[in-house]
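Everything below concerns the one structure shown next.
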Amino acid sequence: MTLDELGRYLGSPSNREQLAEQFGQHVYLSLVPLLLGLLVAVPLGWGAQRLPSVRAVVFGGASVLYTVPSLALFVVIPGIIGTRTLDSINVVVALTLYTAALLVRSVVGALDAVPGPVTAAATAMGYRPLRRFLTVELPLAVPVLTAGVRVASVSNISLVSVGALIGTGGLGVLFTEGFRTRYLAPILVGIVLTLLLALVVDRALVLARNRLTPWTRSTPGGAR
Amino acid sequence: MIPQLIEWLTDPAHWRGPDGIPKRLLEHLYYCLVAAGFATLVALPVGLFIGHTGRGGTLLVGAGNALRALPTLGLVTFLYLVVGGTQTATLIGLVVLAVPPILAGAYSGVQQVDRRVVDAAVGVGMTRWQRLWQVEVPNAMPLILGGIRNAVLQVVATAAVAAYVGLGGLGRYVLDGIRAVDYPKVLAGALLVALLAILLDVVLSGVQWLVVPAGLRTAGVGDVGRRRPRRPARREVRGETTDTGGGRVDGGAGHGLRKR
Amino acid sequence: MARAWGARLIEFQSVTKAFDDGTVAVNDLDLTVEAGTITVFVGPSGCGKTTSLRMVNRMVEPTSGRVLVDGRDVRSADPASLRRGIGYVIQHAGLFPHRTVLDNVATVPLLAGWTRRRARSRAAELLEVVGLPEEVGRRYPAQLSGGQQQRVGVARALAADPPVLLMDEPFSAVDPVVREGLQDELLRLQSELDKTVLFVTHDIDEAVRVGERVAVFATGGVLAQYSEPPELLARPANDFVADFVGRDRGYRGLSFVAGAALRPDEVETVTVGAPGVVSGDEWLLALDEDRRPRGWLRPRATVAGPLSEQELEPGGSLHTLGLPLRGALDAALSSPSGRGVVVDRDGRAVGVVTAHQVLELLSTERAAADSEPEGGR
């Protein structure tokens with residue numbers, strides 16, 4: 001392939017329009033599940049961290065779910081929740097499940113890592129459980145949790161492409177199209193855009209984490 | 001939906017010939033073993049070396065992160081067009097995707113061996129080679145095997161996707177089924193792929209259990225006797241877990257690097 | 001000590017705590033913590049001292065028996081509200097790493113519904129009370145030393161002015177020098193604030209140092225002895241206590257013998273920097289211009305030029321006039337000349353004592369007074 005080919009592909013306004021549209025779809029299909037998955041994982045992880053029985057069920061379910069290949073999950077979901085077979089909602093649901101399965105471990109790990117004396121001190125000062133969770137444990141869990149969210153975001157962004165095989169939008173469409181027309185340019189552009197999106201979201205997550213955890217940056221000082 | 005699925009699976013015609021279940025299953029298995037085997041041969045020594053020397057770790061982490069974002073479908077179609085439409089081209093793709101988890105597992109496994117243990121190994125007069133094989137590798141076993149498990153899951157899933165460019169295996173049922181609007185066939189394919197993935201993971205977790213030294217298996221269970229307030233493992237909250245391999249590579253099955 | 005107004009009394013009435021696995025952590029504990037005192041629970045690990053402490057603020061519930069604070073069963077109160085009225089200090093301080101020091105200290109007032117402004121100004125006040133500079137308030141806990149963190153922990157526990165303070169091995173994680181400073185600080189604070197303090201430690205030295213009353217727990221959660229420190233050191237109730245208090249208990253007991261009657265001897269001195277010093281058959285005590293001891297010059301030494309500190313033998317510990325006899329004996333034993341240097345409150349040398357003198361004084365004091373001195377803290 002030559003650069004000319006790439007230039008010709010990107011030079012066409014209709015191609016650029018399609019790129020923008022699929023890119024937008026891709027962002028939507030990867031980030032909405034990220035948010036939903038996080039919302040599911042936090043309460044689930046909270047329960048799992050407290051009750052060993054819940055932990056066993058949640059972790060067991062999460063690991064089986066995580067083992068199921070994406071293509072399989074994408075096509076099985078309509079059979080389970082009754083959506084239409086070639087609907088992008090299937091991708092959203094599947095990625096939400098993956099995200100939750102991955103993050104529930106992060107949540108539990110992050111909560112486990114909160115130092116015992118800190119929670120004991122909070123209890124001793126008269127925090128009730130919900131308030132303690134929201135104002136002490138959850139903020140302290142942010143660094144570990146962010147690590148999990150970063151993994152999930154990268155994973156989601158690269159997985160959305162597989163959705164093209166079951167007819168949903170996103171940058172995966174560029175791959176199927178390139179394959180059908182034996183044309184390398186859209187494939188290359190699709191790969192680069194996916195990597196770029198993953199990188200940008202990752203940076204954004206790091207920035208958000210730093211904003212949320214001012215105490216982690218200011219370590220030098222008195223003594224360590 | 002379930003009755004049609006059962007009907008499809010029990011139809012004797014689907015158990016015979018080049019598109020029969022046994023044939024497709026073996027194909028899938030074959031791709032997975034070849035790709036995972038190759039990837040292990042390449043990635044394991046490199047990961048151990050980098051973990052042992054500590055040199056090139058940052059580079060490895062960066063490269064691993066970038067590879068994690070690589071879309072499989074894009075890679076597979078790209079290789080198909082560039083290398084030429086052969087099975088080899090697709091298998092290269094599978095290997096490429098299986099390498100990062102194994103590298104990350106081996107690297108972080110060796111890296112995370114307790115420094116005091118390594119110091120003790122130096123202290124009793126072990127050579128570098130002895131230290132690697134007698135101390136670092138056994139201690140890193142859980143993470144090394146965790147990496148291999150991830151790689152296998154990766155390959156099982158990617159091989160299904162690669163059916164799109166003409167690779168055999170169980171992915172065929174799903175994609176052919178979609179094309180022919182034969183939902184029972186799609187479902188059967190999905191189910192078989194999922195079962196294969198779960199089965200392989202269970203087998204590997206068994207291997208992991210056998211290979212991991214007994215002393216490491218019980219680690220972290222802690223004393224069950226007297227209750228006392230949890231003592232902190234460290235003074236401050238952990239900043240961030242080592243982000244080498246992705247998810248929490250802790251030996252459980254759900255520690256996937258990423259999904260396909 | 002007089003019962004202070006507003007201070008609380010803590011009573012354990014036949015309290016037993018058994019865990020699910022059958023271990024008995026506390027066995028039929030009957031004990032009253034006097035209001036306005038520092039009472040120390042001491043014992044080896046696993047003796048139930050911490051468990052007992054945690055029953056006061058319901059972090060642990062007793063299996064049987066009652067815990068009363070100011071005559072009220074703690075179980076009649078809502079745990080969270082109960083805890084807001086009881087200060088709690090633990091090892092490693094348990095500070096919130098994600099909040100600034102000031103906000104850490106302001107925690108309980110905020111929980112109690114104070115405005116942020118008022119809570120913070122109260123917090124700033126408390127930092128000063130525990131001896132921390134104002135700018136520390138803006139830092140995060142990780143930026144403080146262990147000793148500073150512990151001070152913040154104390155400030156946080158005091159923020160809502162609780163009448164009762166629970167301290168669970170609060171100073172165990174800091175080094176000995178800092179620990180001693182924190183202990184002094186606690187005693188100073190207590191003399192001003194008059195709280196009912198329950199203090200848990202495994203360190204008998206710390207127990208007799210800070211405690212007005214000391215409860216020694218034996219393994220299995222049994223209370224072995226509950227008395228004032230001098231009594232504990234002089235008359236252990238049984239072998240366990242004697243053993244736990246240790247071989248040095250006689251020596252430690254000197255901490256409670258006032259040294260007011262000590263009369264130091266004169267000693268020949270020399271000033272650092274003086275030219276051409278020749279010592280005779282005796283050690284010479286070297287002082288600086290302010291009469292602060294610098295060391296000893298050995299007998300029969302000849303110094304040609306001005307006397308520099310390099311020619312001196314380093315001195316032993318110093319005994320401050322009026323403090324308990326333990327210091328005097330230690331000064332004598334650690335001095336190269338066999339004579340301990342006695343200084344006044346400003347650190348100026350006033351004379352020397354020998355170990356023999358200290359012991360003689362001790363026997364006359366013992367003979368003269370049958371009653372226990374109040375203690376020299």
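Just so we're on the same page: letters track the sequence lines, and every chain starts at 1.
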Measure A:F74 against the heavy atoms of chain B and call it side chain, backbone, both or neither at under 4.5 Å. neither

Honestly, the part of B:L200 sitting under 4.5 Å from a heavy atom of chain A is neither

Looking at A:L145, A:L95, A:T194, A:N156, which makes the most heavy-atom pairs under 4.5 Å with chain B? A:T194

Using non-hydrogen atoms and a 4.5 Å limit, figure out which bit of B:Y80 sits close to chain A: side chain, backbone, both or neither. side chain

Which region of B:V181, side chain (C-beta onward) or backbone (N, CA, C, O), has a non-hydrogen atom less than 4.5 Å from a non-hydrogen atom of chain A, or is it both or neither? neither

Heavy-atom closest pair (B:L73 atom, A:S161 atom, distance to 0.1 Å) is CD2-O, 3.6 Å

Might you work through the side-chain contact (heavy atoms from CB on, under 4.5 Å) test for B:V193 and A:L71, ending with a clear yes or no? CA-CA 9 Å; B:V193 174; A:L71 183 60; over 6 Å; no

Can you find a heavy atom in the side chain of A:V76 that is under 4.5 Å from one in the side chain of B:L191? no

Shortest non-hydrogen contact between B:T72 and A:V162, atoms and distance: OG1-CG2, 4.0 Å

If you count the non-hydrogen atoms of other residues, nucleotides and ligands that lie under 6.0 Å from OH in A:Y28, is the total more than 12? no

Taking side chain as C-beta onward, heavy atoms only, is A:L165 less than 4.5 Å from B:V161? yes

Expected list for residues 170-177 of chain B: side-chain donor-acceptor pairs under 3.5 angstrom, two or more places apart:
from	atom 1	to	atom 2	distance (Å)
B:R172	NE	B:D176	OD2	3.3
B:R172	NH1	B:A163	O	2.9
B:R172	NH1	B:L167	O	2.9
B:R172	NH2	B:A163	O	3.4
B:R172	NH2	B:D176	OD1	3.2
B:Y173	OH	B:D19	O	2.8
B:Y173	OH	B:G20	O	3.2
B:Y173	OH	B:I21	N	3.1

With a 4.5 angstrom heavy-atom cut-off, is it the side chain or the backbone of A:P78 that approaches chain B, or both, or neither? both

For chain B, the option from A:L197, A:I157, A:T176 that forms the most heavy-atom pairs under 4.5 Å: A:T176

Between A:A72 and B:A190, what is the shortest heavy-atom contact and its length? CB-O, 3.4 Å

Between B:A160, B:G189, B:A197, which has the largest tally of heavy atom pairs under 4.5 Å with chain A? B:A197

So, taking the atom named CD1 in B:I198 and the one named OH in A:Y66, what distance separates them when rounded to the nearest 0.5 Å? 14.5 Å

Please check if atom CZ in A:R211 has more than 12 non-hydrogen atoms from other residues, nucleotides or ligands closer than 6.0 Å. no

Of the non-hydrogen atoms in A:G178 and B:L81, which two are nearest, and what is the gap between them? O-CD1, 3.9 Å

Heavy-atom pair with the smallest gap, counting every atom of A:V75 and B:L187: O-CD1, 3.9 Å

Residue part contacting chain B, namely of A:A164, when any heavy atom lies under 4.5 Å: side chain

Listing request: all ring pair (Phe, Tyr, Trp, His ring centres under 6.0 Å) pairs with a residue in residues 136-159 of chain A, at least two apart in sequence or in separate chains. none

Separation of A:R182 CZ from B:T77 OG1 (nearest 0.5 Å): 10.5 Å

For A:F175 against B:P71, the heavy-atom pair lying closest together: CZ-CG, 3.6 Å

Determine, step by step, whether A:T67 and B:V156 satisfy the side-chain contact (heavy atoms from CB on, under 4.5 Å) criterion, reporting the C-alpha distance in whole Å, the side-chain angles of both residues, the deciding distance to 0.1 Å, and the verdict. CA-CA 10 Å; A:T67 311; B:V156 173; over 6 Å; no

